[in-house]
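Here it is, the structure, as structure tokens.
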Amino acid sequence: MKDSKAPRTGIIECEKGSASFYMNDFSFCFMNNTIERITKHSGEIYSAANLLFTLKKQGNFYVGVTNDNQSIAIYAKDCPTETFVPKWNFRTSAYIVQDAIDTEKYGYSFDAIELKGGILNSLFRPKHIPVDYSDSGYTIKDESFERQGLLNWNGQEVTVKLGWYTITSGQPRKFEVRTSDLYFRFEFSNPVNLDEALLHVEKARELMSFLSYRKNVEFNCVTFQRKQSFPDCDLDSNIYYSDDAHVYINYGFESTQKDSFRCICFDDIKDAVFSLLAMFYDCSDYNPIKHLSFIPEDDKHANLLSSTDIREIATFLECETKCACRERDEKSEVLYDESQRLSTLLSKIKQVISEDESENGPLPGSIQSQFTKRFYNASLPSKQKDILLYNAYKNIIRDTPCSGKIVGEKRIKEFRDYRNKETHGNYNLLNLDIGITAMHLVVAVYCSILHRSGVDDQTLTTLCERKFFS
């Protein structure tokens, strides 16, 4: 994100006094403003900058003001507060700038977050905007579009909105109407602080990364907003949000140029996007969303896989099989039934052991230990669960990851064998067959996650045909 007003200068709060700063391209140079009188051994006295100055933190941020009367909050989570030199260089990943009057009135708490442009341009499909022409001019039928859902987070309901507006441009013999100002926004029932606001920005970015199948995604513009209302009016329609704080985040990469045809777009999955977003906030065990590090770093590495990626894909798969069989439906029924069958069988074994001990007394400790290891923690083999999950979606996936290549049970078992050997330090050469199988399994897990979010089979088929994973 480019700061059009950089370089910036200003003053940062210290525990005693203040420090000046110069900033350009997310690099800050802090300089102590305090002068102290120093006496040499010879008795001579001179003035010098105080070596020790202590920056004041609010949460994970250094706070201060710029020389153009803006407040600035600089992200510094893992940075010290004390420095033993009069000048200190520091590079941040994010900073927030807002009007100093707003800071005085509201501090750093916000009612909404709006994200615009960037990767969002690839997550809305190109639209044909109908226009009615008449002798007196024209009327645009769809001047805007918005989809809205709810997210339960931290004890409050968060309204999530996404959409676009239209803009027109006219030239001699040419008139153009197109979508613009593509946005994704959060509106909170209770204000959030800076740390919480940045958390939501990152969760939104992770969602966009999942949908685009790229890590190098960002937004052109991020603003933190406050709810306002027009004076002397209590109507809800007179509430608006002001762009109070502008956020600059440095990700250190060039953004993906992947087009919307090969992405999972909001137009494709519709309201399921809100269920999908909630998964990125899920902190429970076995959430597959926690294991997406295999997603390509950028467009250049889109078709590359490493041994580390294979291990992560295997974990991604294991977590999704766990989630998929929590509820029985047309996709999970075989996996669910097999898991329930094993669970019932283990319960019967435990019951038999319990009844025997009631009649004949406790078993020796060593036998108890053997039973515990063998039965009490038993589960379906990973290979079997991999196959059952893949089979649920194989008619949707077909050969889309690699034309002419169909994956069967033998290939899936070889994939799992490779992963197990890698995990236990028995390294093997990663071959093309393992890589192709891995991509089939990635697509299967994506389909399963989207299915759990509410996406229908026809949409999944269309997404696979468009090769969203390429």
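Computed from heavy atoms alone, side chains included, the values below leave out hydrogens, waters and symmetry copies.
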- Is the centre of the F186 ring less than 6.0 Å from the centre of the F184 ring? yes

Smallest heavy-atom separation, P288 atom then I449 atom, equals CG-CD1, 4.0 Å

Rounding to 0.5 Å, atoms CG (L380) and SG (C325) come to a distance of 8.0 Å

Q.
Quick check against the 3.5 Å criterion: does K421 have a side-chain atom that pairs as donor or acceptor with the backbone of N426?
A. no

- Main-chain N/O of R311 paired with T315 side-chain donor or acceptor, under 3.5 Å: yes

**Asked** Do you know the tightest heavy-atom contact between E157 and N152?
**Response**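 Smallest heavy-atom distance, with atoms named: CG-OD1, 3.4 Å.
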
Item checked: Exam field: side chain N216 to backbone E254, donor-acceptor pair closer than 3.5 Å -> yes

Among all residues two or more places apart in sequence or in another chain, which pass the side chain to side chain contact (heavy atoms under 4.5 Å, CB included) test with N190?
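Here the qualifying residues are Q156.
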
Tell me whether D298 contacts the main-chain N or O of H301 through its side chain, where contact means a donor paired with an acceptor under 3.5 Å.
yes

Report the C-alpha separation of L162 and R185 in whole Å, then their side-chain angles, then the decisive distance to 0.1 Å, and conclude whether the side-chain contact (heavy atoms from CB on, under 4.5 Å) test is met. CA-CA 6 Å; L162 56 96; R185 57 183 288 112; over 6 Å; no

Considering only NZ, NE, NH1 and NH2 on the basic side and carboxylate oxygens on the acidic side, decide whether K331 and D457 come within less than 4.0 Å.
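D457 and K331: salt-bridged.
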
Taking the six-membered ring for Trp, are Y95 and Y75 ring centroids under 6.0 Å apart?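 No, ring centres 6.0 Å or more apart.
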
Assess the residue pair K290 and D282 against the criterion (salt bridge (charged side-chain N to carboxylate O under 4.0 Å, His left out)); give the C-alpha distance rounded to whole Å, side-chain angles, the decisive distance to 0.1 Å, and a yes or no.
CA-CA 9 Å; K290 296 178 181 177; D282 181 6; over 6 Å; no

Do H246 and F224 have their ring centres less than 6.0 Å from each other? no

Is it true that, when you exclude L150 itself, more than 12 heavy atoms of the residues, nucleotides or ligands shown sit nearer than 6.0 Å to its CG?
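Yes, because the 6.0 Å sphere around CG of L150 holds more than 12 heavy atoms from other groups.
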
Open item on the list: Before we go on, tell me: are the rings of Y22 and F30 under 6.0 Å apart, centre to centre?
Closed with: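 No, the ring centres sit 6.0 Å or more apart.
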
>> Please evaluate residues K383 and D417 with respect to the criterion salt bridge (charged side-chain N to carboxylate O under 4.0 Å, His left out), reporting the C-alpha separation (whole Å), side-chain torsions for both, the decisive distance (0.1 Å), and the verdict.
In response: CA-CA 9 Å; K383 295 176 186 178; D417 287 339; 2.6 Å; yes

Worksheet item: Does the side chain of E114 pick up a donor-acceptor pair with the side chain of T223 at under 3.5 Å?
Response: no

| said: I'd like to check the salt bridge (Lys or Arg N to Asp or Glu O under 4.0 Å) partners of K467; sequence neighbours left out, ordered by chain and number. | reply: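 Once residues adjacent in sequence are excluded, K467 has no partner under the salt bridge (Lys or Arg N to Asp or Glu O under 4.0 Å) criterion.
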
- prompt: Between D299 (side chain) and Q257 (backbone), is there a donor-acceptor pair under 3.5 Å?
  reply: yes

| field | K322 atom NZ: more than 12 heavy-atom contacts under 6.0 Å | value |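 Counting neighbours around NZ of K322, 12 or fewer heavy atoms of other residues, nucleotides or ligands fall under 6.0 Å, so no.
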
#### Entry: Donor-acceptor side-chain pairing of S448 and E320 below 3.5 angstrom
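There is such a pair (donor and acceptor under 3.5 Å, judged by atom type) between the side chains of S448 and E320.
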
Cation-pi check for F274 against R147: NZ or CZ below 6.0 Å from the six-membered ring centre and within 45 degrees of the axis, yes or no?
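No, a cation-pi geometry is absent between R147 and F274.
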
request  = Measure centre to centre between the rings of F316 and F294, then say whether the value is under 6.0 Å.
outcome  =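 Judged by ring-centre distance (under 6.0 Å), F316 and F294 do meet the cut-off.
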
The complete set of salt bridge (Lys or Arg N to Asp or Glu O under 4.0 Å) pairs with one or both residues in residues 428-451, sequence neighbours excluded, reads R411-D433

* Would you please test V201 and V247 for side-chain contact (heavy atoms from CB on, under 4.5 Å) and show each step? => CA-CA 10 Å; V201 173; V247 185; 5.9 Å; no

- Item | E465/R398 salt bridge by N-O under 4.0 Å criterion | yes

With no hydrogens and no angle check, is any side-chain donor or acceptor of K258 less than 3.5 Å from a backbone partner on S212?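 Judged by distance alone, yes, a pair lies under 3.5 Å.
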
Contacts of Y241 meeting ring-ring contact (aromatic ring centres under 6.0 Å, His included) (sequence neighbours excluded), chain-then-number -> none

Q. Taking N60 for the side chain and A76 for the main chain, is one N or O donor matched with an acceptor at less than 3.5 Å?
A. no

Point to revise | E312/R419 salt bridge by N-O under 4.0 Å criterion | key: no

For residues 440-467, the ring-ring contact (aromatic ring centres under 6.0 Å, His included) pairs (sequence neighbours left out) are F210-Y446, Y213-Y446, Y446-F468

Separation between CD1 (I119) and CG (L211), nearest 0.5 Å, reads 8.5 Å

Worksheet item: Would you say the side-chain atoms of S93 and Y251 include a donor-acceptor pair closer than 3.5 Å?
Response: no

Those residues at least two apart in sequence (or on a different chain) that pass side chain to side chain contact (heavy atoms under 4.5 Å, CB included) with T462 are Q458, R466

- Message: Treating N193 as the side-chain partner and S109 as the backbone partner, does any N or O pair qualify as donor plus acceptor under 3.5 Å?
- Response: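 Looks like no, no N/O pair under 3.5 Å.
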
| said: Set out, in order, the CA-CA distance, both residues' side-chain angles and the distance that settles side-chain contact (heavy atoms from CB on, under 4.5 Å) for M208 and L123, then state yes or no. | reply: CA-CA 8 Å; M208 309 311 162; L123 297 180; 3.4 Å; yes

- Taking atom types as modelled, find out whether D329 and S332 have a side-chain donor-acceptor pair closer than 3.5 angstrom.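 On atom types as modelled, these side chains qualify, holding a pair under 3.5 Å.
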
- Query: When rounded to the nearest 0.5 angstrom, what is the spacing between OG1 in T459 and CG in D267?
  - Reply: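 Reported to 0.5 Å precision, the distance equals 11.0 Å.
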
So does A302 get a backbone contact from the side chain of R214, meaning a donor-acceptor N/O pair under 3.5 Å?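 Not at all, since once roles are kept as given, no pair shorter than 3.5 Å links the two residues.
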
query = Does E187 come within less than 4.0 Å of K161, counting only side-chain N to carboxylate O?
reply = yes

| said: Checking S71 against Q98: is there a side-chain donor and acceptor pair closer than 3.5 Å? | reply: no

Review point. How long is the gap from NZ on K215 to CZ on R205, to the nearest 0.5 Å?
Key: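 The distance works out to 10.0 Å.
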
### Query
Within a radius of less than 6.0 Å around CZ of F90, do more than 12 heavy atoms belonging to other residues, nucleotides or ligands occur?
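Counting other residues, nucleotides and ligands, CZ of F90 exceeds 12 neighbours.
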
Distance alone, cut at 3.5 Å: any donor-acceptor contact between the side chains of D243 and Q225?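 Short answer, yes.
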
query: Just by modelled atom types, is the G118 backbone N or O under 3.5 Å from a matching donor or acceptor in the N121 side chain?
result: yes

Give the intermediate values and the outcome of side-chain contact (heavy atoms from CB on, under 4.5 Å) for residues C79 and Y62. CA-CA 10 Å; C79 296; Y62 299 138; 3.3 Å; yes

Enclosure of E202 CD (heavy-atom neighbours >12, cutoff 6.0 Å):
yes

Exercise. Which value, rounded to the nearest 0.5 Å, describes the distance between L277 atom CG and L207 atom CG?
Worked result: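 Going from CG on L277 over to CG on L207, the span is 5.5 Å.
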
One should read off an interatomic distance between F28 CZ and F26 CZ, to the nearest 0.5 angstrom, of 8.5 Å

Determine whether the side chains of N287 and S284 contain a donor N or O and an acceptor N or O closer than 3.5 Å.
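S284 and N287 do not have a side-chain donor-acceptor pair below 3.5 Å.
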
| said: Check this for me: K57, atom NZ, are more than 12 non-hydrogen atoms of other residues, nucleotides or ligands nearer than 6.0 Å? | reply: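 Atom NZ in K57 is crowded, with more than 12 foreign heavy atoms closer than 6.0 Å.
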
- Message: A quick test of your reading: do over 12 heavy atoms of other residues, nucleotides or ligands sit less than 6.0 Å from NZ of K394?
- Response: no

Item to complete: Please check if any side-chain donor atom of T66 sits under 3.5 Å from a side-chain acceptor atom of R8, or the reverse.
Response: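 Per modelled atom types, T66 and R8 side chains form no pair under 3.5 Å.
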
Worksheet entry | Verdict with reasoning, R226 to D244, per salt bridge (charged side-chain N to carboxylate O under 4.0 Å, His left out) | CA-CA 7 Å; R226 293 188 180 91; D244 287 343; 3.0 Å; yes

